[in-house]
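Proteins come first, then strands; the chains are lettered A, B, ... in the order of their sequence lines, and each starts at number 1.
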There are 2 protein chains.
Amino acid sequence: MKKIINNPNDVVSEMLEGFARGNPKIIYFPEFAVISRKEKKRKVGLVSGGGSGHEPAHAGYVGKGMLDAAVAGNVFSSPGPDRIIKGIKEANNGEGVLLIIKNYAGDIMNFELAKELAEMEDVQIEYVIVKDDVAVPDSTYSTGRRGIAGTVFVHKIAGAKAEAGGTLEEVKKVAQQTIDNIRSMGMSMSPCILPNVGKPAFELAENIMEIGMGIHGEPGVEKTEIGNASKIAEVLTNRILEDMDFIGSEVALMVNGLGGTPLMELYILNNEVSKILDSKNIKIHRTFVGNYMTSLEMSGASVTLLKLNDELKELLDAPSDAPSFHV
Amino acid sequence: MKKIINNPNDVVSEMLEGFARGNPKIIYFPEFAVISRKEKKRKVGLVSGGGSGHEPAHAGYVGKGMLDAAVAGNVFSSPGPDRIIKGIKEANNGEGVLLIIKNYAGDIMNFELAKELAEMEDVQIEYVIVKDDVAVPDSTYSTGRRGIAGTVFVHKIAGAKAEAGGTLEEVKKVAQQTIDNIRSMGMSMSPCILPNVGKPAFELAENIMEIGMGIHGEPGVEKTEIGNASKIAEVLTNRILEDMDFIGSEVALMVNGLGGTPLMELYILNNEVSKILDSKNIKIHRTFVGNYMTSLEMSGASVTLLKLNDELKELLDAPSDAPSFHV
């Protein structure tokens, strides 16, 4: 297995330790797999998390103007409620806590349970569920659409609102509005390898890609011959545009790599997607190209569009010092 | 070939176009494959570049406090002098221009030629040559050590000095001092595929890694069984420490991914390298983990140490708005 790891069972704890080293602005709680902001401030606290293997999600988004705590599960596996409660406690500064959950059954179960348990200790908690992936209506691990790269925009915008002093109700409202305005669609060309399995999670023949594959290797829409970048951009973007009317709007665009795809290819894909948006009178306010929500070493990419209004734009553009998101 | 590209001959121009879209602070000159800063300021101009395939190097380092222009060649192929002259002209704001060249024969030939031609037009030009890779004394494409990921520290520190108003002589001096204080060492586990070749550039059996491989797939020191992260960290770090005395010093540490290695593994490697440095009384002032100098989709990583003094520390920590380097 071609990985830079030690014992496959230790990848999450060693990764978090490696993340924490050299990040003076965070605190790492090894027994809970929680990363939290060191600086405390009286404001709404934001917590997200989920299975590991999607780095820099979610620890890389802990920082001023984004998350207050990130909770890691094992690879592709939801964190238990005890870990999430620790994240909630670290994020709680007396103004309530918002949980940002990707729509997977395990995450919802564990985050909801943690919410109930934390409420018994009088923490005020709300949550939102991100379901931005237009590929499939239901999936292997979710009832309803999956939450993928668009989640990062929710972290950013809700984080900026909380930093600006929004109430829990206001932060939840803008987070939900962001979720309602996001659509994503991805494709993959080669599999990831789970460290404790040691073999590729699936196989795709040399000339085949899978459209709409999930970030855990879940089935997508179809396996098809690999097209060129122009064709891939068209397939992903059109699917998004068929799902929601973006014509005439201003958007934030994210071209996200799944882990094993080099930046060169993401820029080429961005070029093609941007040309399509230009041709359809969709104005790109800001572009994000890079690895934001990955799937270990899977190759492939996803496209995310967020429809903006004045408030969302201002919140997206607000400063943040999270290590893996830069405006 | 599993790549998100169109015509393999167009990857560089389409990548630069995709980079330029969504980067309002830069100007792209398609006919010269040059990316330059939009904002002009009376200061020493910095130019770097080289073959493409190492993204985000070098375009991602154009910005305030770093490079003024980046010049791209074809994949793994030096840019011609006409392109470099264009980069020099764009970077020239009347205070002279410093060229930062990675030590490869093609780059040196073309940058030197461009320097001579630009000097005829009365531009004051100096250059420095980065040779940070301790793996091999000479290599396939270089007389003397190769320039690899440490180059990014030279961009940052020389860029900060220029931004602060240093003269050409001063900027060159601090760039050279940085070069003298940098050592890097890498390893690879799987090959890259050149777009216009379509086949892996080399082969490594399932259990084999190559220590000291270059960023163009050039031979390294030895092929050996893949060790765990702890062992890999030890091999890379010890080689660096044998080459230069870092004991008792403060350093900047870069754990650089070669393109196809996920962030999870880079953090695990960072953990191991940091532990070794701690144990040897080498103080880490700042840590950089990510894809800074890649080799298309090659998997593997390199470790870079930069020995700091007060001035280098201050320059490293100075602000920059280059899209791919964040302090």
*Asks:* Might you point out which heavy atoms bring B:E297 and A:G260 nearest each other, and give the distance in Å?
*Replies:* CB-O, 4.0 Å
*Asks:* Applying salt bridge (Lys or Arg N to Asp or Glu O under 4.0 Å), run through A:E206 and B:K2 and close with a yes or a no.
*Replies:* CA-CA 7 Å; A:E206 177 54 27; B:K2 301 222 151 183; 5.5 Å; no
*Asks:* For B:I232, is it the side chain, the backbone, both, or neither that has a heavy atom closer than 4.5 Å to a heavy atom of chain A?
*Replies:* side chain
*Asks:* Can you tell me which portion of B:V273 sits under 4.5 Å from chain A's heavy atoms? Options are side chain, backbone, both or neither.
*Replies:* neither
*Asks:* Report yes if the side chains of B:I148 and B:M185 come closer than 4.5 Å at any heavy-atom pair, otherwise no.
*Replies:* no
*Asks:* Taking every heavy-atom pair that is under 4.5 Å apart, which of B:H285, B:K275, B:M264, B:K231 has the most such pairs with chain A?
*Replies:* B:M264
*Asks:* Please state whether the side chain, the backbone, both or neither of A:A205 comes within less than 4.5 Å of a heavy atom of chain B.
*Replies:* backbone
*Asks:* With the side chain counted from C-beta on, respond yes when A:V303 and A:L253 share a heavy-atom pair under 4.5 Å apart, and no when they do not.
*Replies:* yes
*Asks:* Whether the side chain of A:T237 engages the backbone of A:E234 through a donor-acceptor N/O pair (distance < 3.5 Å, no angle test) should be reported.
*Replies:* no
*Asks:* Under 4.5 Å between any side-chain heavy atoms of A:P195 and A:L296, yes or no?
*Replies:* yes
*Asks:* Using a cut-off of under 4.5 Å on heavy-atom pairs, state which of B:H54, B:E272, B:M209 scores highest against chain A.
*Replies:* B:E272
*Asks:* Would you say CD of B:E222 has more than 12 non-hydrogen atoms from neighbouring residues, nucleotides or ligands within 6.0 angstrom?
*Replies:* yes
*Asks:* Using non-hydrogen atoms and a 4.5 Å limit, figure out which bit of B:D278 sits close to chain A: side chain, backbone, both or neither.
*Replies:* side chain
*Asks:* For a 4.5 angstrom cut-off between non-hydrogen side-chain atoms, does B:V152 reach B:M66?
*Replies:* yes
*Asks:* Heavy-atom pairs under 4.5 Å with chain A are the metric here; pick the option from B:F288, B:Y267, B:F19 that has the most.
*Replies:* B:Y267
*Asks:* Tell me, side chain or backbone of B:N7 under 4.5 Å from chain A's heavy atoms, or both, or neither?
*Replies:* neither
*Asks:* Using heavy-atom distances under 4.5 Å, tell me whether A:V255 contacts chain B through its side chain, its backbone, both, or neither.
*Replies:* neither
*Asks:* So what's closer than 4.5 Å to chain A heavy atoms on B:I5: side chain, backbone, both or neither?
*Replies:* both
*Asks:* Could you check which of B:L204, B:N228, B:T287 has the highest count of heavy-atom pairs closer than 4.5 Å to chain A?
*Replies:* B:N228
*Asks:* Let me know if B:V11 has heavy atoms under 4.5 Å from chain A in its side chain, its backbone, both or neither.
*Replies:* both
*Asks:* Could you look at B:M187 and say if it's the side chain, the backbone, both or neither that has a heavy atom under 4.5 Å from chain A?
*Replies:* side chain
*Asks:* Could you report the tightest heavy-atom contact between B:S184 and B:T304, atom names first, then the distance?
*Replies:* OG-OG1, 2.6 Å
*Asks:* Counting heavy-atom pairs under 4.5 Å with chain A, which one of B:S190, B:P262, B:G22 comes out on top?
*Replies:* B:P262
*Asks:* Could you tell me whether the side chain of B:S188 and the main chain of B:M213 form a donor-acceptor pair under 3.5 Å?
*Replies:* no
*Asks:* Relative to chain B, which of A:N291, A:L263, A:V289, A:I284 shows the most heavy atom pairs under 4.5 Å?
*Replies:* A:L263
*Asks:* Could you look at B:R286 and say if it's the side chain, the backbone, both or neither that has a heavy atom under 4.5 Å from chain A?
*Replies:* neither
*Asks:* Return the option, out of A:K3, A:M298, A:M1, with the maximum number of heavy-atom pairs under 4.5 Å with chain B.
*Replies:* A:K3
*Asks:* Please state whether the rings of A:H155 and A:Y61 are parallel, tilted or perpendicular, taking 30° and 60° as the class boundaries.
*Replies:* tilted
*Asks:* Counting heavy-atom pairs closer than 4.5 Å to chain A, which one of B:S274, B:G18, B:C192 comes out on top?
*Replies:* B:G18
*Asks:* Name the region of A:S230, side chain, backbone, both or neither, that has any atom closer than 4.5 Å to a heavy atom of chain B.
*Replies:* both
*Asks:* Please name the pair of heavy atoms, one in B:T261 and one in B:G300, separated by the smallest distance, quoted to 0.1 Å.
*Replies:* OG1-N, 2.7 Å
